[in-house]
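By convention in this document, chain letters (A, B, ...) are assigned in the order of the sequence lines, proteins followed by strands, and residues within each chain are numbered from 1. Because the structure is predicted, anything quoted here is derived from the model rather than measured.
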2 protein chains.
Amino acid sequence: MDLHSTILGLLSWKPFSGYDLKGIISDSNLFYWSGNNNQIYKVLLELQRDGLVSFEVQQQQSLPAKKIYSINDQGRAVLRQSLLQKPQVSDWPKSFLIQLAWSDCLTDDEVLDLLNFYEQELISHLSLLQGEAERRENSPHRTAREAYLWRRIADNFILATQTELQWTSETRKAISEGNL
Amino acid sequence: MDLHSTILGLLSWKPFSGYDLKGIISDSNLFYWSGNNNQIYKVLLELQRDGLVSFEVQQQQSLPAKKIYSINDQGRAVLRQSLLQKPQVSDWPKSFLIQLAWSDCLTDDEVLDLLNFYEQELISHLSLLQGEAERRENSPHRTAREAYLWRRIADNFILATQTELQWTSETRKAISEGNL
DNA sequence: ACCACCATGTAAGTTGTTACATGATTTG
DNA sequence: CAAATCATGTAACAACTTACATGGTGGT
């Protein structure tokens with residue numbers, strides 16, 4: 001699942017402009033790309049060149065014109081293929097763990113400060129995720145199954161963060177109490 | 001925590017050749033880079049140019065010579081700074097969730113196949129992680145704290161995978177039973 | 001004979017990031 | 001009057017990947 005498929009997926013939900021996509025991608029936890037202009041506009045041009053999407057220019061009074069991109073049948077077919085790829089487990093960068101791995105360079109207090117800070121970050125991240133999950137404005141609900149899966153996706157982030165939080169607080173307690 | 005810091009960290013454990021580092025990095029879950037030659041040898045040259053590491057050539061009979069890299073005090077100082085960076089929560093890419101997000105393009109059976117496959121992948125990944133955690137050869141244990149933290153790091157991967165597995169099997173059950 | 005391992009490195013390409021450029025409009 | 005928002009795009013750079021090049025050794 002790369003940015004091409006991500007954008008095709010979003011367009012399979014509804015038509016968007018490049019600017020819309022940029023906002024959605026950079027705001028969401030799920031679509032993790034930075035949402036920088038360069039890539040999104042480039043990918044849209046490529047998708048159009050490959051005949052998977054098309055756009056209509058929508059003029060606006062007192063605002064710049066938009067290019068509203070829509071997916072076509074060929075785009076939907078390509079998307080379908082990428083959705084059917086064998087899913088693989090992705091163990092990805094947990095840079096905090098690398099920090100802890102070389103903690104022999106740090107004092108006990110410095111390690112505890114790191115753990116405390118990370119714990120606080122997780123707590124505020126968690127409440128952010130929970131807030132988003134309750135609001136739930138920007139998710140598609142074309143079928144009951146889709147609505148259910150989008151709830152489950154939000155839950156996945158929350159569960160992962162809760163697990164990480166519990167791990168962190170246990171680790172912090174063990175370090176601070178010297179129970180190694 | 002980028003590749004530079006990762007390599008400095010490994011060298012702060014013990015001296016390694018580029019080839020050693022390549023093996024360690026590509027084998028480990030923690031150091032997630034692909035461990036391709038190009039980057040590792042390039043980073044080693046940069047670290048040496050910046051005066052953070054040095055190397056000795058070690059001749060071997062019937063095998064090519066090695067460059068054994070060692071970290072110096074300046075390197076340790078730079079590493080320390082990067083270890084003291086404020087840790088940030090990384091919501092890393094879960095491409096499987098993006099696949100599920102656009103499942104409206106797929107049939108119920110196709111979604112179930114994906115969930116089943118992913119579940120099996122997680123199960124085998126989990127037993128791999130657990131096996132590694134039991135063997136535990138390649139971890140430093142200069143202090144009790146370091147040994148403890150390396151155990152906890154391994155636990156972190158296991159816990160995260162268990163959480164993901166439970167989430168997946170619950171989701172699969174709900175979809176297969178139609179409890180949306 | 002062929003493949004994998006050891007060991008270093010380079011070339012060519014893709015992908016991703018930050019920052020810039022333009023220019024009207026709205027908000028503080 | 002500075003700033004953020006809307007909207008498109010480009011330039012320059014950094015990071016990462018795959019594949020190639022060399023060449024001896026050891027296993028099947």
**Q** Taking only side-chain N and O atoms of A:Gln60, does any of them lie within less than 4.0 angstrom of OP1 or OP2 on D:dA7?
**A**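 Yes.
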
**Q** Report the residue (B:Pro64 or A:Ser17) whose heavy-atom-nearest nucleotide on DNA chain D is the more 5′ of the two.
**A**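 Its nearest nucleotide being more 5', the pick is A:Ser17.
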
**Q** Measure from CG on B:Asp20 to P on C:dA7 and round the result to the nearest Å.
**A**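 About 7 Å, once rounded to whole Å.
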
**Q** Look at the side chain of B:Tyr19 and decide which nucleotide, out of D:dT8, C:dA7, D:dA15, has an atom nearest to it.
**A**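 Between D:dT8, C:dA7, D:dA15, the one nearest the side chain of B:Tyr19 would be C:dA7.
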
**Q** How many whole angstroms separate atom CG of B:Asn38 from atom C1' of C:dT15?
**A**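 From B:Asn38 CG to C:dT15 C1': 15 Å.
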
**Q** Pick the nucleotide of DNA chain D nearest each of B:Asn36 and A:Ile68; which residue has the one closer to the 5' end?
**A**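 Looking at DNA chain D, the more 5' nearest nucleotide goes with A:Ile68.
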
**Q** Is B:Lys86 positioned over the aromatic face of A:Phe117, cation under 6.0 angstrom from the ring centre and no more than 45 degrees off axis?
**A**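 Flagged: B:Lys86 positioned over aromatic ring of A:Phe117.
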
**Q** Would you say the side chain of A:Asn37 and the base of D:dT10 hold a donor-acceptor pair, judged only by whether the two atoms sit under 3.5 Å apart?
**A**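 Absent.
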
**Q** Using a strict cut-off of less than 4.0 Å between a Lys/Arg side-chain nitrogen and an Asp/Glu carboxylate oxygen, indicate whether B:Arg142 and B:Glu146 qualify as a salt bridge.
**A**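 Salt bridge: yes.
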
**Q** Under 3.5 Å, is there a donor on one side chain and an acceptor on the other for A:Asn156 and B:Glu164?
**A**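 A:Asn156 vs B:Glu164: donor-acceptor pair found between side chains.
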
**Q** Any salt bridge between A:Lys67 and A:Glu56, counting N to O under 4.0 Å?
**A**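 No, no charged N to carboxylate O under 4.0 Å.
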
**Q** Examine C:dT15: is either OP1 or OP2 under 4.0 Å from a nitrogen or oxygen in the side chain of A:Gln39? Give yes or no.
**A**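 Answer no for this pair, as no side-chain N or O of A:Gln39 is under 4.0 Å from OP1 or OP2.
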
**Q** Mind calculating the distance between OH (A:Tyr41) and P (C:dC20) to the nearest angstrom?
**A**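 For the pair A:Tyr41 OH and C:dC20 P, the rounded distance is 18 Å.
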
**Q** Using a heavy-atom cut-off of under 4.0 Å over every strand shown, decide if B:Lys42 touches base, sugar-phosphate, or nothing.
**A**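 Nothing, no heavy atom under 4.0 Å.
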
**Q** Rounded to the nearest Å, what distance is computed from the OH atom of residue B:Tyr32 to the P atom of nucleotide D:dA15?
**A**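 It is 11 Å, rounded to the nearest whole Å.
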
**Q** Nearest whole angstrom, please: distance from the P of C:dG16 to the CD of A:Glu46.
**A**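 Going from CD in A:Glu46 over to P in C:dG16 covers 11 Å.
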
**Q** Would you call the rings of B:Trp102 and A:Phe31 parallel, tilted or perpendicular if under 30° counts as parallel and over 60° as perpendicular?
**A**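 Parallel, since the angle between the ring planes stays under 30°.
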
**Q** Rounded to the Å, how far apart are A:Ile40 CD1 and C:dT18 P?
**A**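 Rounded to the whole Å, the gap is 13 Å.
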
**Q** Given atom NZ of B:Lys22 and atom C1' of C:dG9, what is their separation to the nearest angstrom?
**A**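 Rounded to whole Å, this separation is 11 Å.
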
**Q** Using whole Å, what does the distance between atom P of nucleotide D:dA7 and atom CD1 of A:Ile24 come to?
**A**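 After rounding, the reported distance stands at 12 Å.
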
**Q** Of the nucleotides C:dG9, D:dG9, D:dC16, which has the atom closest to the A:Tyr69 side chain?
**A**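 Nearest listed nucleotide: D:dG9.
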
**Q** Tell me which of A:Leu63 and A:Asp2 sits closer to the 5' end of DNA chain C, going by the nucleotide each one is nearest to.
**A**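 Result of the comparison: A:Asp2.
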
